[in-house]
J.: 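Take a look at this one; I'll ask things after.
Count residues from 1 along the sequence. All ligand and atom numbering here is 1-based and tracks the order in the structure. Not measured: the values here are computed from a predicted model.
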Amino acid sequence: MRDCVFCKIIAGESPAKIVFRDEQVTAFYDIHPVSPVHILITPNRHIASVNQLTEEDEALMGHLFTTAKRIAAQEGVAESGYRLIVNTNAHGGQTVFHLHMHLLGGSRMKYPMG
Ligand code: AMP
Ligand code: ZN
């Protein structure tokens, strides 16, 4: 999709530190990390947010989770722990409207959220 920063990264038209990619998803370091490990995992196909998901995307969303698990292990935070976040629209704090999962780790997360 034109003018989508994550579509440009996925297409190789914008720079990013890519840590994993396959035919369904791409993962890269967040440009403004809020924890020692802060990676974004995104479907290669443009989906604006969780609100646009359909039943046909269920396998893709499952793959997003198993990719997160694989990257957590790769980054050495699987045992210490990590947080997966998907923000949606204004109240969720979404700023980039290409669905993505944040993988945060390497330090203890604050709780409660919200
Ligand atoms: P969200 O607020 O959930 O939409 O998260 C968007 C995230 O994308 C933020 O954490 C930004 O720091 C990150 N971000 C925005 N532009 C880029 C970029 N060009 N490369 C990597 N991360 C980005
Ligand atoms: Zn996009």
Side-chain angles (χ1 to χ4, degrees):
M1 192 192 183
R2 264 159 51 151
D3 299 330
C4 170
V5 61
F6 288 178
C7 279
K8 286 181 180 157
I9 288 172
I10 292 159
E13 294 165 3
S14 281
K17 204 170 162 199
I18 291 176
V19 294
F20 177 83
R21 75 174 299 146
D22 66 13
E23 65 286 350
Q24 293 185 83
V25 300
T26 299
F28 49 91
Y29 285 102
D30 196 294
I31 203 165
H32 297 302
V34 299
S35 56
V37 174
H38 187 172
I39 289 165
L40 303 174
I41 309 159
T42 186
N44 293 340
R45 177 162 57 85
H46 184 88
I47 302 171
S49 80
V50 170
N51 284 341
Q52 278 71 42
L53 288 174
T54 70
E55 284 182 13
E56 289 174 5
D57 299 317
E58 286 175 1
L60 176 61
M61 291 300 103
H63 188 61
L64 217 60
F65 269 92
T66 52
T67 301
K69 172 198 145 171
R70 172 204 285 245
I71 293 169
Q74 192 176 297
E75 295 290 322
V77 299
E79 293 309 316
S80 54
Y82 52 95
R83 182 172 287 170
L84 302 174
I85 299 174
V86 181
N87 297 322
T88 303
N89 280 354
H91 283 189
Q94 186 176 8
T95 59
V96 176
F97 289 86
H98 180 132
L99 194 157
H100 52 279
M101 177 184 276
H102 297 253
L103 190 164
L104 301 171
S107 62
R108 186 176 291 273
M109 298 294 127
K110 293 189 183 71
Y111 199 85
M113 294 180 283

J.: At what distance, to the nearest 0.5 angstrom, does SG of Cys4 lie from NE2 of His46?
T.: 5.0 Å

J.: Quick one: CZ on Arg83 to OH on Tyr111, what's the gap to the nearest 0.5 Å?
T.: 7.5 Å

J.: Counting only protein N/O/S, how many atoms fall short of 2.8 Å from the Zn ion (ligand 2)?
T.: 4

J.: May I ask you to check whether His98 and His100 place their ring centers less than 6.0 Å from one another?
T.: no

J.: With side chains defined as the heavy atoms from C-beta onward, is the minimum distance between Val25 and His63 less than 4.5 Å?
T.: yes

J.: Under a 4.0 Å heavy-atom cut-off, which residues neighbour ligand 1?
T.: Val5, Phe6, Ile9, Phe28, Tyr29, Asp30, Ile31, His32, Leu40, Asn87, Gly93, Gln94, Thr95, Val96, His100, His102

J.: Just verifying a value: how many Å separate Leu53 CG and Ile47 CD1, rounded to the nearest 0.5 Å?
T.: 5.5 Å

J.: Give a yes or no answer on whether the side chain of Asn44 reaches the backbone of Ile10 with a donor-acceptor pair at less than 3.5 Å.
T.: no

J.: For Ser107 versus Ser35, what's the shortest heavy-atom pair and its separation?
T.: OG-CB, 4.0 Å

J.: Taking atom CD of Glu13 as the centre, report whether more than 12 heavy atoms of other residues, nucleotides or ligands fall under 6.0 Å from it.
T.: yes

J.: Over 60° means perpendicular and under 30° means parallel, so classify the ring planes of Phe6 and Phe28, tilted if in between.
T.: perpendicular

